[in-house]
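The next block holds one structure in the form of structure tokens; read it before the comments.
All values below were derived from every heavy atom in this structure, side-chain atoms included, with hydrogens, water molecules and symmetry-related copies excluded. These numbers come from a predicted model, not from an experiment.
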Amino acid sequence: MIELQMSKIAPRIIFMGTPEYAVPYLEGLIASGLKPEAVISQPDRPVGRKQTIEPTPVKMAALKYGIPVLQPENLRDHEWIEKIHSLKPDVIVVVAFGQIIPKSLLAIPPRGCVNVHPSLLPYHRGPSPLQEAILRGDTNGGVTIMLMDEKVDHGPLLHQASFPIDANETYETLREKTTSCGVPLLTATLRDWLVEKITPQMQDDDEATFSRLLTRDSGKISWELSSDDIERSVRALNPWPGTWTTCKDKRVKILEAYSIPTMISDHERGTLFQTTDKQNQLFIACGIGTLSISRLQLEGKKVLSAKDFIAGHQGLIGSTCV
RNA sequence: CGCGGGGUGGAGAAGUCUGGCAUCUCGCUUGGCUCAUAACCAAGAGAUCGUGGGUUCAAAUCCCACCCCCGCAA
């Protein structure tokens with residue numbers, strides 16, 4: 001029945017997105033018969049060590065499916081607004097586009113701009129909701145499909161789904177969960193929304209919490225903090241911006257670690273040490289408790305397990321990281 | 001030409017500047033000690049030092065070219 005209705009309606013959809021994790025949403029729409037008329041992605045930019053210009057992941061996916069791609073340098077330009085207008089979209093779907101969508105663009109589609117936000121709005125509005133959930137130690141997370149308005153992550157809700165967040169959840173595992181939950185939710189919600197089966201509900205602004213835009217500096221570890229806090233940072237901030245410290249003037253990334261809040265040592269905060277009973281483990285003293293480091297990387301070198309690191313870097317053990 | 005580090009037995013490192021016997025911490029094999037062990041002791045195997053060329057009596061080390069990995073930056 002739904003299929004029949006949809007084919008009559010033949011909705012015109014524009015998809016806006018940029019990074020890798022927006023691709024499954026685009027593919028989900030295509031797979032369920034909601035193939036966009038056009039895709040808008042950020043301009044190609046220099047990327048990687050060689051700074052070669054590469055198309056965005058969403059652009060590459062779109063081209064693979066033969067969907068035309070627009071890459072406006074500035075969305076506010078009248079040219080682009082008119083161009084998008086001329087495509088006569090019924091709805092625009094936005095997944096991690098990476099720029100604020102101007103009001104003039106939000107006003108174009110009659111069914112509005114539908115956004116996927118990886119948190120249970122109004123909690124964790126803003127640019128880093130997944131990281132925020134882990135940093136705060138949330139035990140529950142989810143995905144929200146919402147209508148965009150002129151304030152960021154503020155518009156009315158169309159649908160939400162939730163799931164538990166594990167105690168050892170990392171950014172990457174949480175993102176996988178979010179994607180596998182969010183992709184079907186988006187397509188189902190979009191279908192219902194297009195046939196007017198959903199009544200949008202306003203968010204409770206009083207309950208809103210906000211996540212910050214992460215910067216490179218967000219990943220620098222302060223050993224004054226508790227081992228619990230540092231462990232959460234390690235789980236939340238890898239692979240980007242990454243968590244790191246400096247040991248004997250060398251940058252050391254901490255890729256995986258777990259907190260032992262009850263373990264107390266005499267070492268100065270930030271000191272790398274071993275214990276006689278667990279010789280394959282690498283510890284570091286924190287403000288409160290001790291962090292056990294299981295995977296780490298010295299600048300210019302490969303990622304190592306604690307055991308391999310200990311084998312080759314005896315000289316660093318006993319020194320203090322800052 | 002964005003800046004920089006690296007490739008050495010199975011793992012991780014030192015040695016390279018200043019050319020001269022292949023080193024360290026592990027792992028592995030065998031034997032020993034032990035009620036026992038991830039502990040300890042002893043012996044042993046295992047390497048064309050990323051690839052190709054050059055210099056030299058002699059190259060992991062110096063010179064040239066190439067391949068691969070990574071940190072920063074974006």
P-based separation of B/rC40 from B/rG50 [nearest Å]: 32 Å
Matching residue for A/Arg125 among A/Glu132, A/His117, A/Gln203 - test: side-chain hydrogen bond (donor to acceptor under 3.5 Å, both in side chains): A/Gln203
Rounded distance in Å - CD (A/Glu299) to P (B/rG4): 13 Å
Euclidean distance for C1', B/rU16 against B/rG6 (whole angstrom): 13 Å
Pairing partner (Watson-Crick or G-U wobble, both distances under 3.5 angstrom) of B/rA65: B/rU51
A/Arg251 charged N/C atom sitting above A/Trp244 aromatic ring, 6.0 Å / 45°: yes
OP1 or OP2 of B/rC72 under 4.0 Å from side-chain N/O of A/Arg49: no
Whole-angstrom distance between B/rC28 and B/rG10, as gauged at atom P: 15 Å
Below 4.0 Å: OP1/OP2 of B/rG71 and any side-chain N or O of A/Gln297: yes
Base-pairing assignment for B/rC33 (Watson-Crick or G-U wobble, both under 3.5 Å): none
A/Arg216 side chain, from C-beta outward: closest of B/rG2, B/rA74, B/rC26: B/rA74
Pair assignment for B/rG27, Watson-Crick or G-U wobble, requiring both distances under 3.5 Å: none
Options B/rC72, B/rA73, B/rG27, nucleotide nearest the side-chain atoms of A/Lys307: B/rG27
Contact pattern, 5' to 3', of nucleotides 6-12 of chain B - B, S or - by protein heavy atom under 4.0 Å: S----BB
